[in-house]
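Residue numbers start from 1 in every chain, and the chains themselves are labelled A, B, ... in the order their sequence lines are given, proteins ahead of strands.
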Amino acid sequence: MSRSEESPPLDFIRQIVAADLVSGKYGGRVVTRFPPEPNGFLHIGHAKSICLNFGVAAEHPGGRCNLRFDDTNPLKEEDLYLQSIRTDVRWLGFDWEERQFYASGYFERLYQLAERLIENGHAYVCSLSAEELRHSRGTLTQPGRESPYRTRSVAVSLDLFRRMRAGEFPDGTHILRARIDMASPNMNMRDPALYRILHANHHQTGDQWCLYPTYDYAHCLCDAMEGITHSLCTLEFEDHRPLYDWILDRLQAELTYRPQQIEFSRLTLEYTVVSKRKLNTLVKSGVVDGWDDPRMPTLSGLRRRGYTPAAIRDFCQRVGISKTPNNVELALLENCLREDLDKHAPRAMAVLDPLRVVITSVAADHVEALTAANHPQNAAMGSRTLFWTREIWIEREDFCENPPKQFKRLVPGGEVRLRHAYVVRCDAVIKDPASGAILELHCSHDPATLHANPVDRKVKGVIHWVSATRSCRAEVRHYETLFTTPNPDEAWQGDDFAALINPNSLQVLSNCHIEEGLRDAPPGSIFQFERLGYFCVDAGCAAGAERVFNRTVGLRDSWAKVQQGR
RNA sequence: UGGGCCGUCGCCAAGCGGUAAGGCCCCGGAUUUUGAUUCCGGCAUCCCCAGGUUCGAAUCCUGGCGGCCCAGCCA
């Protein structure tokens, strides 16, 4: 078997899963879960986790991946986010079938298990204020002090805990704490909070509870209750694993399954922030248009921009899974996108910065139907009709009066091929006498060059065009990265991010011309505008209204590189 | 300088004691009615550093250095 036919090497998590299957650790089961907190929209970093969790499950017969909303904090969560998460996971191409769960769905069981912990002396109700608690926790180098309530009797703690549930106490007056070790070098083991009082309405359970479990307490137990075998999470939870195991150890007798937590490094992407808090700040500040602004690294933003699920999945696969801190180049994501779009996006022509050209050799009322393939390599994608008329638009930058070396577009007296049409020669440049600005070009075409090259001379350049009379107007939104620095996460300290924002992240081109056939292109449809890039009809485009295109990504541009090198 | 984790090409990433996979980027060149695509070719004598073990080390040992995470009743 040649190298290219071999399956790619397994990442360390898949190696563990494979080894567990061999050893029979979980009786042949592979069960993972994707556990988002519904406090924001999913982003490209979540895509990595989704692809990993659903991917690992799908790779094994009988493997399953649950969607579990980690909804233990009603203060930060909203139903809006639940909806978007479901939409985005499905859009990415994954299916949790009937297995949609909520941490809140386990609240009663979780509560009962907490009573068990108290009864067995593993947890106690602590009545320190948040402030006092912070001071008694110690520091990274100094051990904490034991709470005076640590020695409360089981009976008292149990009674207090029940009254906490009953709503007898205001927020912040008591918490349930694990009794572990205030001197532990691992801060998470210094008697961490398990339950806090929150008189808040929960999006799923309403006002049924005023007592909510913390992540550390709920997550491991939810995993166990769902029979999760491999609980995959990001590196910052590494220090929580001893607590994860500690809780499961104490409650072993009550549980059927014993999951294991494995951590991998989260995705960091150049020029983007991947933190729900920061993304939320961007939305709230109005710097972007919402969670689905095409400049956002959210799945909804990427979707609106024109990214495809296949491209994102491919990206996640190529990025790999490891524990190494990383900062992935945007070029990789864009490569994945272009690869998918090149294969699937139908071609079309659009002129973004129009320059009028009069083809003097064509009659004023001449309309000639030309056929253009929708894809140069894939005839199955069919063809469309273009209209050859006396007046056309070309891209302003495709004409140059004093061309640099190697410029192979239109120049005075020179010839170029108009894509899918004729070779034309520039006979005259019409300027505004006052300003000297170029108003239009007068060209003549060679009728013998429709699907043939001239026999006596070579014409190197090919440029795109659109009929001036048989086309429609469109708006094109051109995007750049939202941040000017490749490491905005690092540079973003406190709330001062304004200086990091790229002032050119959005440029609106309102005088664009597109092929007539694109007039009713549906929102979400993606085209390659030849020689320019990939463009996606904006989701907000109403039927019948002028089309608005988001530039998804540009084509590779080796000419731009040549020019930069000058 | 408490604890946990990480350090292989510009960016990702294989490698698990037998003499550095792959992808992206980049650089050449071919084909091309997209300066696109495609296609060929190039791109780590070296694996954070220094010692050591070994016939043999990126892989083992020792000691350094550098980076990330943790002091929420957030996740």
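- In summary, of the residues considered (A/Phe107, A/Tyr111, A/Tyr106), a ring-ring contact (aromatic ring centres under 6.0 Å, His included) with A/Tyr212 occurs for A/Phe107 alone.
- Rounded to whole Å, the P atom of B/G51 lies 31 Å from the corresponding atom of B/G22.
- Taking side-chain N and O atoms only, A/Ser322 has a distance below 4.0 Å to OP1 or OP2 of B/A13.
- Across the protein-nucleic acid pair, A/Ile13 atom CD1 and B/A14 atom C1' stand 16 Å apart, rounded to whole Å.
- Between A/Asp353 and A/Glu397, every side-chain heavy-atom pair lies at or beyond the 4.5 Å cut-off.
- B/G63 and B/G56 have their P atoms separated by 23 Å, with the value rounded to a whole Å.
- Contacts of A/His420 with the nucleic acid, taken as non-hydrogen atoms under 4.0 Å apart, include base atoms.
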message: Between A/Glu238 and A/Lys323, is the salt bridge (charged side-chain N to carboxylate O under 4.0 Å, His left out) condition met? List the steps.
response: CA-CA 11 Å; A/Glu238 239 163 354; A/Lys323 302 186 75 160; 2.7 Å; yes
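- Taking the centre of each ring, A/His203 and A/Tyr81 stay at or above the 6.0 Å mark.
- Aromatic pair A/Phe237/A/Tyr215: ring centres closer than 6.0 Å.
- Using a 4.0 Å cut-off, some side-chain N or O of A/Thr72 falls inside it from OP1 or OP2 of B/A75.
- Taking the C1' atom of each, B/G2 and B/A71 are spaced 11 Å apart, rounded to whole Å.
- Looking only at side-chain heavy atoms (C-beta outward), A/Pro35 and A/Asp223 stay at 4.5 Å or farther from each other.
- In this structure, the nucleotide among B/C12, B/C74, B/C5 sitting nearest to the side chain of A/Asn326 is B/C12.
- Taking the C1' atom of each, B/G17 and B/C74 are spaced 46 Å apart, rounded to whole Å.
- B/C61 and B/C16 have their P atoms separated by 16 Å, with the value rounded to a whole Å.
- Counting non-hydrogen atoms under 4.0 angstrom, A/Leu370 reaches nothing in the nucleic acid.
- Among the atoms of the strands shown, base atoms are found under 4.0 Å from some heavy atom of A/Ala452.
- For the pair A/Thr214 and B/G72, the criterion of a side-chain N or O lying under 4.0 Å from OP1 or OP2 is not met.
- One atom, CZ of A/Arg14, and another, C1' of B/C16, lie 19 Å apart when rounded to the nearest Å.
- Taking atom CG of A/Leu337 as the reference point, atom P of B/U37 lies 14 Å away to the nearest angstrom.
- With distances taken from any side-chain atom of A/Glu530 to the nucleotides B/U34, B/A36, B/C73, the minimum falls on B/U34.
- With hydrogens and angles disregarded, a donor-acceptor distance shorter than 3.5 Å links the side chain of A/Arg190 to the backbone of A/Arg137.
- At the heavy-atom level, A/Lys323 lies under 4.0 Å from the strands shown only through sugar-phosphate atoms.
- Under the Watson-Crick or G-U wobble criterion, with both distances below 3.5 Å, B/U1 is left unpaired in every strand shown.
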task: With side-chain hydrogen bond (donor to acceptor under 3.5 Å, both in side chains) as the test, would you mind laying out the steps for A/Asp20 and A/Gln260 before giving the verdict?
output: CA-CA 11 Å; A/Asp20 289 344; A/Gln260 66 176 319; 2.7 Å; yes
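- Nucleotide B/C12 holds its P atom 16 Å from the CZ atom of A/Phe264, rounded to whole Å.
- At a threshold of 4.0 angstrom between heavy atoms, the contacts of A/His464 with the nucleic acid are absent.
- The separation between A/His219 atom NE2 and B/C74 atom P is 17 Å, rounded to whole Å.
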- prompt: Given A/Ser231 and A/Arg33, is the side-chain hydrogen bond (donor to acceptor under 3.5 Å, both in side chains) satisfied, shown in steps?
  reply: CA-CA 7 Å; A/Ser231 182; A/Arg33 100 269 91 116; 3.0 Å; yes
- prompt: ring-ring contact (aromatic ring centres under 6.0 Å, His included) between A/Tyr124 and A/Tyr149: does it pass, once the steps are laid out?
  reply: CA-CA 8 Å; A/Tyr124 61 97; A/Tyr149 305 101; 8.5 Å; no
Atom pairs, N/O to N/O, protein against nucleotides 24-26 of chain B, distance under 3.5 Å?
{"unit_1": "B/C25", "atom_1": "OP1", "unit_2": "A/Arg556", "atom_2": "NE", "d": "3.4"}
{"unit_1": "B/C25", "atom_1": "OP1", "unit_2": "A/Arg556", "atom_2": "NH2", "d": "2.2"}
{"unit_1": "B/C26", "atom_1": "OP1", "unit_2": "A/Lys561", "atom_2": "NZ", "d": "2.8"}

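- Residue-level contact check: A/Glu131 touches neither bases nor backbone, having no heavy atom under 4.0 Å from any strand.
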Tabulated below should be each protein N or O lying under 3.5 Å from an N or O of nucleotides 68-71 of chain B; please produce it.
{"unit_1": "B/A71", "atom_1": "O2'", "unit_2": "A/Arg137", "atom_2": "NE", "d": "3.2"}

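- Within the 4.0 angstrom heavy-atom criterion, no nucleotide atom of any strand lies near A/Glu334.
- When the C1' atom is compared between B/A50 and B/A58, the two are found 16 Å apart, to the nearest whole Å.
- Contact annotation for A/Ser127: no contact, since no heavy-atom pair falls under 4.0 Å across all strands.
- If you measure from atom CG of A/Leu410 to atom C1' of B/G35, you get 16 Å, rounded to the nearest angstrom.
- A donor-acceptor contact under 3.5 Å is formed by the side chain of A/Gln528 with the base of B/U34.
- Counting non-hydrogen atoms under 4.0 angstrom, A/Leu532 reaches nothing in the nucleic acid.
- Between A/Pro242 and A/Asn188, the closest side-chain pair of non-hydrogen atoms is not below 4.5 Å.
- Looking only at atom types and distance, the side chain of A/Ser129 has no donor-acceptor partner in the side chain of A/Glu131 under 3.5 Å away.
- One finds no side-chain N or O of A/Arg266 lying less than 4.0 angstrom from the OP1 or OP2 phosphate oxygen of B/C5.
- Base contact: A/Pro376 has a heavy atom under 4.0 Å from a base atom.
- Using a 4.5 Å heavy-atom threshold, the side chains of A/Tyr307 and A/Glu334 count as touching.
- If you check B/U54 for Watson-Crick or wobble pairing at under 3.5 angstrom, you find it has no partner at all.
- Looking at A/Asn487 and A/Asn327, their side chains do bring a donor and an acceptor atom within 3.5 Å of each other.
- Under the stacking criterion of a centre-to-centre distance below 5.5 angstrom and an interplanar angle below 30°, A/Tyr215 is not stacked against the six-membered ring of B/A75.
- Across the P atoms, B/G23 and B/U32 are found 26 Å apart, a figure rounded to whole Å.
- Across every strand in view, B/G66 sits in a pair with B/C6 that passes the Watson-Crick or G-U test at under 3.5 angstrom.
- In this structure, A/Glu238 reaches the sugar-phosphate backbone alone: every heavy-atom distance under 4.0 Å involves primed, P, OP1 or OP2 atoms, never a base.
- If you check every strand for non-hydrogen atoms under 4.0 Å, A/Asn327 touches sugar and phosphate atoms only.
- For the pair A/Glu270 CD and B/G10 P, the interatomic distance rounds to 14 Å; values are reported in whole Å.
- With its glycosidic angle more than 90° from 0, B/G41 is assigned anti.
- Of the residues listed (A/Phe399, A/Phe529, A/Trp393, A/Trp388), the one engaging A/Trp465 in a ring-ring contact (aromatic ring centres under 6.0 Å, His included) is A/Trp388, and it is the only one.
- Annotation: proximity of residues 160-182 of chain A to RNA chain B (heavy atom, distance under 4.0 Å) is found for A/Gly172, A/Ile175, numbered in ascending order.
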